[in-house]
Amino acid sequence: EDFRREVAAQRPDFIVVPDWAATPACVGSALVPLARPIRGGESFGRKALIARAGIRSLAELRNASIAATVPPGGSPPGSGLDRIRREQPGVRIIQVPKEIDALLAVAFGQVDAAYVSTRQFDMFAGVNPKLGTELKEIGYAEAMPFPLIYATANADADETTLLRNEIAE
């Protein structure tokens, strides 16, 4: 409801949202898909639960703290973070602004685990191999498609054509 209200107030021509939010119920009007981002040849991303040394499973995170980026309004139902909360009701989710902050928090012992993209963890481990080897991937969420770029009802045909051409280059 908050998102829908903001879209109505801001009246954007284009919007980048995940599939689950690209509905008239969430946005307030129909959207026209323009493009799906590709990263490293993939149009999907995957989140992983990264834990400090000694933790081998989600079951061992009972009453633990997990650092994660959380979208405004909370994680969508059925998401990996939602599943973690259901399976381990005592878990405390510590909201951080960026995934690197979540990884640093677990690496420095401020939290027990981090919920981040596998790509972000791979980059982190590449930059700091010592910290990367001290952390372990103990679980994965289902692969999720990257958010699409959509034209809203506010975009005119010329703007939409221009954006499509820019994306194609």
Participant: May I ask you to test the Ile38-Ser43 pair for a side-chain heavy-atom distance under 4.5 Å?
Facilitator: yes
Participant: Checking Arg46 now: which residues fulfil side-chain contact (heavy atoms from CB on, under 4.5 Å) with it, not counting sequence neighbours?
Facilitator: Thr118, Tyr140
Participant: Under a 4.5 Å side-chain heavy-atom rule over Ile, Leu, Val, Met, Phe, Trp and Tyr, are Val70 and Ile84 clustered together?
Facilitator: yes
Participant: Can you give me the closest heavy-atom contact between Phe146 and Phe44, atom names plus distance?
Facilitator: CZ-O, 3.4 Å
Participant: If we only count heavy atoms from C-beta on, is the Arg4 to Val27 side-chain gap below 4.5 Å?
Facilitator: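 No, their side chains stay 4.5 Å or more apart.
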Participant: Test side chain to side chain contact (heavy atoms under 4.5 Å, CB included) on Tyr150 and Val16; report intermediate values, then the result.
Facilitator: CA-CA 6 Å; Tyr150 294 92; Val16 178; over 6 Å; no
Participant: Do Leu163 and Leu31 belong to the same hydrophobic cluster, where Ile, Leu, Val, Met, Phe, Trp and Tyr are linked whenever their side-chain heavy atoms lie under 4.5 Å apart, directly or via other members?
Facilitator: no
Participant: Could you tell me the separation between the CD atom of Gln88 and the CG atom of Leu61, rounded to the nearest 0.5 Å?
Facilitator: 7.0 Å
Participant: Can you name the residues that form a salt bridge (Lys or Arg N to Asp or Glu O under 4.0 Å) with Glu137, not counting sequence neighbours?
Facilitator: none
Participant: Using side chain to side chain contact (heavy atoms under 4.5 Å, CB included), reason through Leu58 and Glu87 one step at a time and then give a plain yes or no.
Facilitator: CA-CA 8 Å; Leu58 178 58; Glu87 291 180 14; 3.1 Å; yes
Participant: Using the test side-chain hydrogen bond (donor to acceptor under 3.5 Å, both in side chains), find all partners of Asp101 that sit at least two apart in sequence or belong to another chain.
Facilitator: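 For Asp101 there are no side-chain hydrogen bond (donor to acceptor under 3.5 Å, both in side chains) partners, ignoring immediate neighbours.
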Participant: List for me each residue that meets side-chain hydrogen bond (donor to acceptor under 3.5 Å, both in side chains) alongside Glu134, sequence neighbours excluded, and say none if there are none.
Facilitator: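 For Glu134, the residues satisfying side-chain hydrogen bond (donor to acceptor under 3.5 Å, both in side chains) (neighbours in sequence not counted) are Lys130.
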Participant: Among residues at least two apart in sequence or on other chains, which ones pass side-chain contact (heavy atoms from CB on, under 4.5 Å) with Leu104?
Facilitator: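 Once residues adjacent in sequence are excluded, the partners of Leu104 under the side-chain contact (heavy atoms from CB on, under 4.5 Å) criterion are Ile100, Phe108, Phe124.
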Participant: Hey, could you give me each pair passing salt bridge (Lys or Arg N to Asp or Glu O under 4.0 Å) that has a residue in residues 116-125? Not counting sequence neighbours.
Facilitator: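 Non-adjacent pairs meeting salt bridge (Lys or Arg N to Asp or Glu O under 4.0 Å): zero.
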Participant: Who are the salt bridge (Lys or Arg N to Asp or Glu O under 4.0 Å) partners of Arg36, not counting sequence neighbours?
Facilitator: Asp19
Participant: Rounded at 0.5 Å granularity, tell me how far CG in Leu148 sits from CG in Leu34.
Facilitator: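 Between Leu148 CG and Leu34 CG, I get 8.5 Å after rounding to 0.5 Å.
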Participant: Report the residues that fulfil side-chain hydrogen bond (donor to acceptor under 3.5 Å, both in side chains) with Thr23, sequence neighbours left out, ordered by chain and then residue number.
Facilitator: none
Participant: For Gln110, what residues pass the side-chain contact (heavy atoms from CB on, under 4.5 Å) criterion, not counting sequence neighbours?
Facilitator: Ala105
Participant: Counting C-beta onward and ignoring hydrogens, is there a side-chain heavy-atom pair between Leu135 and Phe121 closer than 4.5 Å?
Facilitator: yes
Participant: When you group the ILVMFWY residues by side-chain heavy-atom contacts below 4.5 Å and let the links chain together, are Val32 and Ile15 in the same group?
Facilitator: no
Participant: Return the minimal non-hydrogen interatomic distance between Pro147 and Pro18, and the atom names on each side.
Facilitator: CB-N, 3.7 Å
Participant: Indicate the atoms forming the closest heavy-atom contact of Leu81 with Tyr115, along with that distance.
Facilitator: N-OH, 3.6 Å
Participant: Show the atom names and distances, to 0.1 Å, of all donor-acceptor pairs under 3.5 Å that link a side chain in residues 48-57 to residues at least two apart or in another chain.
Facilitator:
unit_1	atom_1	unit_2	atom_2	d
Arg52	NE	Asp112	OD1	3.1
Arg52	NH2	Asp112	OD1	3.0
Ser57	OG	Ala59	N	3.4

Participant: Do the side chains of Ile93 and Ile138 join up, straight or via other hydrophobic residues, at under 4.5 Å, putting them in one cluster?
Facilitator: yes
Participant: According to side-chain hydrogen bond (donor to acceptor under 3.5 Å, both in side chains), who are the partners of Arg5, at least two apart in sequence or on a separate chain?
Facilitator: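 Partners of Arg5 under the side-chain hydrogen bond (donor to acceptor under 3.5 Å, both in side chains) test: Asp2.
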Participant: Could you tell me whether Lys47 and Glu99 have a side-chain N and a carboxylate O separated by less than 4.0 Å?
Facilitator: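 Between Glu99 and Lys47 there is a salt bridge, with a charged N closer than 4.0 Å to a carboxylate O.
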Participant: Under 3.5 Å, which donor-acceptor pairs link side chains of residues 155-162 to any protein atom two or more places apart or in another chain?
Facilitator:
unit_1	atom_1	unit_2	atom_2	d
Asp156	OD1	Asp158	N	3.1
Asp156	OD1	Glu159	N	2.8
Glu159	OE1	Asp156	N	3.1
Thr160	OG1	Asp156	O	3.1
Thr161	OG1	Ala157	O	2.9

Participant: Are Val7 and Pro12 side-chain neighbours, meaning at least one heavy-atom pair lies under 4.5 Å?
Facilitator: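 Yes, at least one pair of side-chain atoms sits under 4.5 Å.
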Participant: Compare all side-chain heavy atoms of Leu103 with those of Gln120 and state whether any distance is below 4.5 angstrom.
Facilitator: yes
Participant: Just so I know, are the side chains of Arg92 and Ile66 near enough to count as touching, which here means a heavy-atom distance under 4.5 Å?
Facilitator: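 No, too far: nothing below the 4.5 Å cut-off.
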Participant: Quick check: closest heavy atoms across Ala68 and Ala102, and the distance to 0.1 Å?
Facilitator: N-CB, 4.3 Å
Participant: Heavy atoms, side chains only, cut-off 4.5 Å: are Val127 and Met123 in contact?
Facilitator: no
